[in-house]
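In this text, all values refer to a predicted model and were calculated from it rather than measured experimentally. By convention in this document, chain letters (A, B, ...) are assigned in the order of the sequence lines, proteins followed by strands, and residues within each chain are numbered from 1.
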Amino acid sequence: MPELPEVETVRRGLEAAVVGKQITKVQVPGRRTVRRQSREELARRLVGRRITMAGRRGKFLLLSLDDDSVLVVHLRMTGQLLHLAGGERPAPEAHTHVLVDLDDGTELRFVDPRTFGEWFVSNDIDARGVPIELAHIGRDPLLEGLPKALLASSFAGRRACLKALLTDQRIVAGIGSIYADEICFRAKIRPDRSGGSLSDAELGSLARAARSVLRAAVASRGSSLRDQRYRDLAGSLGSYQGRHCVYDRAGEPCPRCGRSVVRLMIGARSAYCCVGCQS
DNA sequence: CGCATATCCTGACTGC
DNA sequence: TGCAGTCAGGATATGC
């Protein structure tokens with residue numbers, strides 16, 4: 001659910017709130033959030049470190065530390081990273097799996113009901129500052145752009161449907177279900193088309209649509225759905241949901257042609273589109 | 001290799 | 001009102 005625009009909004013919040021701060025205490029009550037190392041090891045590697053940079057690659061948050069390691073955080077479906085002001089110490093809400101105290105008296109909390117989210121500390125960082133655990137992640141459309149040629153070479157000969165390819169993080173990093181549907185709508189292409197069937201012009205439209213949808217969504221601080229699960233660091237909702245043209249709008253009129261938006265099933269997953277103006 | 005499917009998990013919602 | 005069933009969809013493991 002948190003996709004590139006939501007994660008970028010959290011990253012910007014982290015940049016303002018925690019960069020330059022030192023970690024003084026780490027508690028990991030959750031059993032599932034830290035999986036690649038022990039909870040004790042994660043805590044040991046964080047305490048005493050200063051946060052030097054807040055980065056992002058696709059849907060992964062990257063907090064660089066002053067010993068050249070990187071704290072990697074992925075929100076997955078329901079993860080929330082919250083920053084509590086100094087002195088503000090309410091009892092942790094349910095499903096709070098990690099608590100990090102900072103030297104300015106503020107605190108970071110990770111809340112994640114479905115426990116799919118993940119934290120780990122990596123020591124193996126490549127020349128771009130990306131942990132080797134994320135080496136398989138593809139191009140980030142905001143950081144590195146999304147040229148038509150990349151889509152053309154990645155989609156050529158592929159039978160898999162466009163939505164599956166757009167959400168394949170090895171090709172393009174950061175697009176999930178919401179933005180895949182919105183990007184396909186803007187590009188006027190059905191999400192159930194096979195990747196290999198797209199024309200050169202359609203690949204161009206898709207690349208342009210991806211850039212403009214993602215940029216607009218970042219400007220609106222991401223999308224908070226009906227469950228209001230996605231919130232930024234301060235707990236505020238995004239507003240891009242008000243601009244969704246098709247996602248979760250089955251039965252409502254297409255804003256472009258007026259025909260009813262439909263929900264397709266691609267595998268076991270939903271895809272929303274307008275069959276009137278997407279082909 | 002490509003592609004589809006199952007899996008992890010909780011909470012919101014639906015229908016009886 | 002309660003309760004079973006369904007859906008949500010991130011990434012990864014598996015089966016073919």
Side-chain angles (χ1 to χ4, degrees), chain A residues 1-11 29-36 56-62 72-81 92-98 110-120 122 130-138 140 151 153-184 191-198 214 217 222-231 237-238 241 244 246-251 262-273:
Chain A
M1 234 169 315
E3 305 179 25
L4 188 153
E6 292 77 29
V7 178
E8 174 62 16
T9 303
V10 174
R11 187 201 69 77
R31 293 161 171 263
R32 321 187 92 99
T33 301
V34 182
R35 302 192 271 268
R36 304 190 195 217
R56 179 188 60 77
R57 186 167 183 85
K59 300 170 195 168
F60 289 88
L61 286 165
L62 308 175
V72 180
V73 174
H74 199 302
L75 307 174
R76 292 281 189 111
M77 306 287 296
T78 55
Q80 259 179 18
L81 209 45
E93 63 179 286
H95 310 296
T96 300
H97 303 313
V98 187
F110 184 64
V111 180
D112 182 19
R114 288 176 71 179
T115 69
F116 291 165
E118 184 178 14
W119 285 45
F120 65 91
S122 175
V130 178
I132 57 158
E133 290 88 346
L134 310 186
H136 63 290
I137 296 297
D140 186 293
L151 297 180
S153 62
S154 306
F155 291 4
R158 300 289 298 265
R159 287 189 292 121
C161 72
L162 177 55
K163 180 163 183 177
L165 295 174
L166 276 177
T167 56
D168 184 339
Q169 304 300 299
R170 294 167 298 185
I171 301 173
V172 182
I175 298 175
S177 193
I178 297 170
Y179 297 106
D181 287 356
E182 294 299 319
I183 289 165
C184 288
D192 56 349
R193 286 268 300 280
S194 73
S197 74
L198 269 60
L214 294 172
S223 303
S224 296
L225 305 182
R226 277 189 293 221
D227 64 6
Q228 306 201 335
R229 180 42 60 183
Y230 165 67
R231 290 169 183 273
L237 302 174
Q241 65 278 5
H244 290 178
V246 287
Y247 181 79
D248 200 22
R249 297 179 65 92
V262 298
R263 180 170 81 131
L264 308 174
M265 294 306 288
I266 297 178
R269 309 290 202 218
S270 299
Y272 298 90
C273 75

[X] side chain, from C-beta outward: closest of [options]:
X      : options               : answer
A:R114 : B:dC3, C:dA8, C:dA11  : C:dA8
A:R158 : B:dG2, B:dA4, C:dG10  : B:dG2
A:S177 : C:dG10, B:dA4, C:dA8  : C:dG10
A:R76  : B:dC3, C:dT12, C:dA8  : C:dT12
A:H95  : C:dG10, C:dA8, B:dG11 : B:dG11

- Query: If each of A:A94 and A:G267 is mapped to the nucleotide of DNA chain B with the nearest heavy atom, which maps nearer the 5' terminus, i.e. the 5' end?
  - Reply: A:G267
- Task: With DNA chain B as reference, determine whether A:D227 or A:A160 sits nearer its 5' end, using the nearest nucleotide of each.
- Result: A:A160
Phosphate-side-chain proximity, [X] and [N], N/O vs OP1/OP2 below 4.0 Å:
X      : N      : result
A:R263 : C:dA8  : yes
A:Y247 : C:dG9  : yes
A:H74  : C:dG10 : no
A:T167 : C:dG9  : no
A:H136 : C:dT12 : yes

- Please evaluate the base of B:dA12 for a donor-acceptor partner in the side chain of A:R226 within a cut-off of under 3.5 Å? no
Whether the side chain of [X] engages the backbone of [Y] through a donor-acceptor N/O pair (distance < 3.5 Å, no angle test) should be reported.
X      : Y      : answer
A:T167 : A:I175 : no
A:D140 : A:G58  : yes
A:E3   : A:Y179 : yes
A:Q80  : A:D112 : no

Take atom [atom1] of [X] and atom [atom2] of [N], then tell me their distance rounded to the nearest Å.
X      : N     : atom1 : atom2 : answer
A:E3   : C:dA8 : CD    : P     : 14 Å
A:F116 : B:dA6 : CZ    : C1'   : 12 Å
A:L225 : C:dC7 : CG    : C1'   : 13 Å

- Message: Please give the distance between the C1' atoms of C:dT12 and B:dG11 as a whole number of Å.
- Response: 23 Å
- Task: Side-chain contact test, heavy atoms from C-beta onward, threshold under 4.5 Å: evaluate it for A:L165 versus A:S154 and give yes or no.
- Result: no
- Task: With heavy atoms under 4.0 Å as the rule, sort A:S270 into base, sugar-phosphate or nothing.
- Result: sugar-phosphate
- Contact class for A:R159 vs. all strands (heavy atom < 4.0 Å): base, sugar-phosphate, or nothing? sugar-phosphate
